[in-house]
J.: 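I have a structure here, written as structure tokens, and I will follow up with some questions on it.
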Amino acid sequence: DTATRVAAVQQSGAPAAMDANMVTIPAGSYTIGSDAGPALVRPSHAERVASFRIERTEVTVNDYAKFVSATGAPAPTSASHAYATARTWI
């Protein structure tokens with residue numbers, strides 16, 4: 001359960017540093033896409049997004065491995081992120 005995972009992260013020593021590097025993105029409507037970009041991103045349009053927290057900086061593979069180990073969270077399989085790895089980003 002979530003409480004157990006949070007406790008495991010707290011015991012790992014990582015959460016203080018992790019929490020200090022987190023920022024909250026407020027809920028709201030954001031414009032995504034582009035009217036001038038490739039077909040994949042057209043047209044620009046508003047999307048409603050719930051509030052969420054995200055790291056200020058990238059998370060290294062080593063940091064992520066520590067998180068998975070401390071929390072027991074399942075690491076993604078290659079199939080779960082195949083779209084992102086198969087894309088050619090412009």
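Note that these values count all heavy atoms, side chains included, but never hydrogens, waters or copies made by symmetry.
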J.: Any side-chain to backbone donor/acceptor pair from S51 onto I25? Under 3.5 Å, distance only.
T.: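 Yes, the answer is positive, given that a donor and an acceptor are paired below the 3.5 Å cut-off.
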J.: Go through it in stages, so that I can follow the logic: the residues are H45 and T31, the test is side chain to side chain contact (heavy atoms under 4.5 Å, CB included), and I'd like the CA-CA distance, side-chain angles, deciding distance and then a yes or no.
T.: CA-CA 5 Å; H45 60 283; T31 301; over 6 Å; no
J.: In Å and rounded to the nearest 0.5 Å, what is the OG1 to CD distance from T60 to E55?
T.: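 If I round to the nearest 0.5 Å, the distance is 10.0 Å.
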J.: Transitively linked via ILVMFWY side-chain contacts under 4.5 Å: Y30 with I54?
T.: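 As far as the 4.5 Å side-chain criterion goes, I54 and Y30 are connected within one cluster.
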J.: Just by distance, do the side chain of R53 and the backbone of V23 share a donor-acceptor pair under 3.5 Å?
T.: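 Judged by distance alone, no pair lies under 3.5 Å.
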J.: So which heavy atom on S29 is nearest to which on R48, and how close?
T.: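 Minimum heavy-atom separation between S29 and R48: N-NH1, 3.7 Å.
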J.: Given 3.5 Å as the limit, does a donor-acceptor pair link the side chain of D35 with the main chain of P43, or not?
T.: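 Judged by distance alone, no pair lies under 3.5 Å.
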J.: T24 side chain to P26 main-chain N or O, any donor-acceptor pair under 3.5 Å?
T.: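 Pair absent, no side-chain N/O of T24 close to backbone of P26.
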J.: Would you find a donor on one side and an acceptor on the other, under 3.5 Å apart, between the side chain of T71 and the backbone of F67?
T.: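 Looks like yes, one N/O pair under 3.5 Å.
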